[in-house]
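Report on one structure; see the data block that follows.
Just so it is clear: chains get the letters A, B, ... in the order the sequence lines come, proteins before strands, and each one is counted from 1.
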Amino acid sequence: MDLPLTIRQILALEPTGQKVEIRGWLRTKRETKNAIFLEVNDGSCLRNIQCVLGTESPQRASWENLLPRLTTGASIIAQGNLVPSPAKGQAAEVAVESLRIIGDAPADTYPLQKKAHSMEFLREIAHLRVRTNTFGAIARVRNRMAFAIHQFFQERGFYYVHTPIITASDCEGAGAMFQVTTLDLDALAQAGKPVDYDKDFFGKKAYLTVSGQLNVETYCQALSRVYTFGPTFRAENSNTTRHLAEFWMIEPEMAFADIRDNIALATDFIQYLVAVALRDCASDLEFFDQRIQPGLLASLEKVVSSPFTHMTYTEAVRELEKAAGSFEFKPFWGCDLQSEHEKYLTEKVAGGPVVVTDYPKEIKAFYMKQNEDGRTVAAMDVLVPRFGEIIGGSEREWRLDLLEKRIDELGLSKDAYRWYLDLRRFGSTPHAGFGLGFERLLLYITGMTNIRDVIPFPRAPRLADF
RNA sequence: UCCCCUGUAGCUCAGCUGGCAGAGCAAGUGGCUGUUAACCACUGGGUCCGGUGUUCGAGCCACCGCGGGGGAGCCA
């Protein structure tokens with residue numbers, strides 16, 4: 001099947017007067033005495049194509065009565081000839097011969113205007129905001145990055161594993177969970193009856209996953225190199241510009257690998273994705289650089305070409321203590337790194353991404369490999385300028401006795417982790433992996449500042465419209 | 001969940017010490033011009049978030065509620 005050409009494809013043609021058909025949505029109309037200019041966009045690229053209605057043309061009668069309906073947002077199909085443009089601003093344009101309006105967008109009710117809108121306003125019309133330059137560009141970058149993630153791992157021998165969305169174990173340990181149930185809670189409450197989860201769909205409590213890591217580790221211990229890429233859910237009451245209740249996470253896991261391999265993988269991964277974005281989303285990134293985040297391109301280019309700064313947690317704290325006076329929270333060994341600390345490390349100390357390793361075991365998860373010093377674990381976070389943590393990962397504790405001991409210390413249930421402990425009981429290997437928040441990656445690459453703007457339909461506390 | 005800011009025309013905002021509701025953009029009309037964030041002129045457009053109170057009088061002050069934004073924590 002030959003699909004009709006998109007505006008992106010048409011703009012790549014040499015204009016020689018060939019017949020073309022434009023299908024898209026009208027962005028603006030400019031009327032002059034001799035010509036009427038329509039800017040048409042179909043989302044295939046940032047650029048519009050200029051369609052020209054000659055007021056002296058013999059076809060004038062066919063579109064003249066449509067003029068009042070050629071408003072911002074209307075969908076149209078225009079046929080004509082692709083010709084070199086006599087004016088500056090575009091190399092080619094369409095000399096329209098026939099024009100149809102497919103769907104009207106009445107100016108008195110269509111919310112998008114021929115002017116800039118605030119992100120706050122556009123968030124209220126998430127179903128229409130993708131028709132703007134900014135959100136179209138975000139959608140294209142998001143698409144390219146999702147594809148590049150698969151390319152990166154596939155090229156390196158990683159297998160894509162579909163870990164479950166629904167989980168009946170509440171031991172994933174990454175935060176508050178959304179409960180999933182088919183019980184009629186309203187009826188039970190009205191009848192004053194207690195909830196009996198034996199009667200629930202799964203015969204026990206079930207939740208939406210907060211992380212695919214524990215499940216993907218099982219496949220890691222058979223396929224060696226694996227990754228998940230799917231939605232995850234956190235029921236935390238987080239109201240920030242970098243948290244969502246529903247977000248997409250990439251979690252690779254490598255067998256026979258240690259924290260050094262993990263750092264190398266994470267670094268290569270980020271540099272690969274940024275390089276792809278710079279190469280394949282050039283005009284969209286240029287738009288972000290001009291309109292959203294000045295300096296974005298320069299900083300992304302630097303990320304690709306320079307090695308990431310690496311420091312241990314202990315070194316990081318030492319660095320922070322030198323500037324202790326400038327912080328609201330005084331840094332000390334054993335403290336969790338605050339937002340202001342992460343910003344300082346990336347923006348002031350490193351001037352780019354920073355890999356921080358070997359955190360105190362008290363502030364990290366039970367499954368992380370314990371270091372010889374007895375006080376730290378082989379954890380690895382990648383922090384970036386502007387918003388901090390983008391990757392969290394570690395080498396995993398692969399020794400059964402040490403893992404069981406840590407589970408006991410933290411008062412967790414060994415029974416709940418039975419299958420996870422089996423991975424250490426049978427053919428255990430050193431292994432390591434990390435989680436990358438997809439939307440945080442997109443914030444970093446687009447220069448957008450609110451995570452609710454880089455996912456089509458954001459979910460957050462009291463926010464589940466559309 | 002905590003702290004701070006905020007809610008006025010379709011959008012972005014101004015509105016002083018409480019005294020007749022304003023601007024820019026958008027829209028409509030007309031003009032001009034191969035225009036391109038088009039330009040010029042005119043016109044229309046308001047439950048000042050909701051409620052209660054104070055006052056001769058509330059967009060403005062007080063209280064309660066709701067919405068939006070930013071920051072913090074949790075994390076990706």
Is there, by distance only and without an angle test, a donor paired with an acceptor across the side chain of A/K33 and the base of B/C32 below 3.5 Å? no
Need one value for A/S118: base, sugar-phosphate or nothing, where a base atom within 4.0 Å counts as base even if backbone is also close, heavy atoms only. sugar-phosphate
Within less than 4.0 Å of OP1 or OP2 of B/A72, is there a side-chain N or O belonging to A/S339? yes
Now, which nucleotide makes the Watson-Crick or G-U wobble pair with B/C2, with each of the two distances under 3.5 Å? B/G71
Among B/G67, B/A72, B/G24, the one nearest any side-chain atom of A/R462 is B/G67
Is A/F37 stacked on the base of B/G34, meaning ring centres closer than 5.5 Å and planes within 30 degrees of each other? no
Should the pair A/R156 and A/Y272 be classed as cation-pi, given the thresholds of under 6.0 Å to the six-membered ring centre and 45° from the axis? yes
Lys NZ or Arg CZ of A/R375 over A/W333 ring: under 6.0 Å, within 45°: yes
Can you check the distance between B/G46 and B/C56, where both ends of the measurement are the C1' atom (answer in whole Å)? 26 Å
Of all the choices, B/U35, B/C11, B/G73, which nucleotide is nearest to the side chain of A/R242 once you look at every atom? B/G73
Is A/E253 salt-bridged to A/R396, going by a charged N under 4.0 Å from an acidic O? yes
Selection from B/G69, B/G34, B/A26 that lies nearest to any side-chain heavy atom of A/R452: B/G69
Once hydrogens and angles are ignored, does a donor-acceptor distance under 3.5 Å link the base of B/U35 to the side chain of A/E31? no
I'd like to know if A/E120 reaches the base of B/G68 with its side chain such that a donor and an acceptor end up less than 3.5 angstrom apart. no
Contact class for A/T241 vs. all strands (heavy atom < 4.0 Å): base, sugar-phosphate, or nothing? sugar-phosphate
Partner of B/C63 under the Watson-Crick or G-U wobble criteria, both distances under 3.5 Å, comes out as B/G51
Can you find a donor-acceptor pair, distance only, under 3.5 Å between A/N34 side chain and B/U33 base? no
Kindly say if A/R30 contacts the phosphate of B/A38, meaning a side-chain N or O under 4.0 Å from OP1 or OP2. yes
Would you indicate, yes or no, if B/A37 has its OP1 or OP2 atom less than 4.0 angstrom from a side-chain nitrogen or oxygen of A/R291? no
Would you classify A/K115 as touching base, sugar-phosphate or nothing, given that sugar-phosphate means primed atoms plus P, OP1 and OP2, and contacts are heavy atoms under 4.0 Å? base
A/Q338 side chain, from C-beta outward: closest of B/A72, B/U35, B/C11: B/A72
Which of A/Y160, A/Y159, A/F158 passes ring pair (Phe, Tyr, Trp, His ring centres under 6.0 Å) with A/H150? Answer is A/Y160
Can you name the closest pair of heavy atoms from A/T449 and A/L443 and give their distance? C-CD2, 4.1 Å
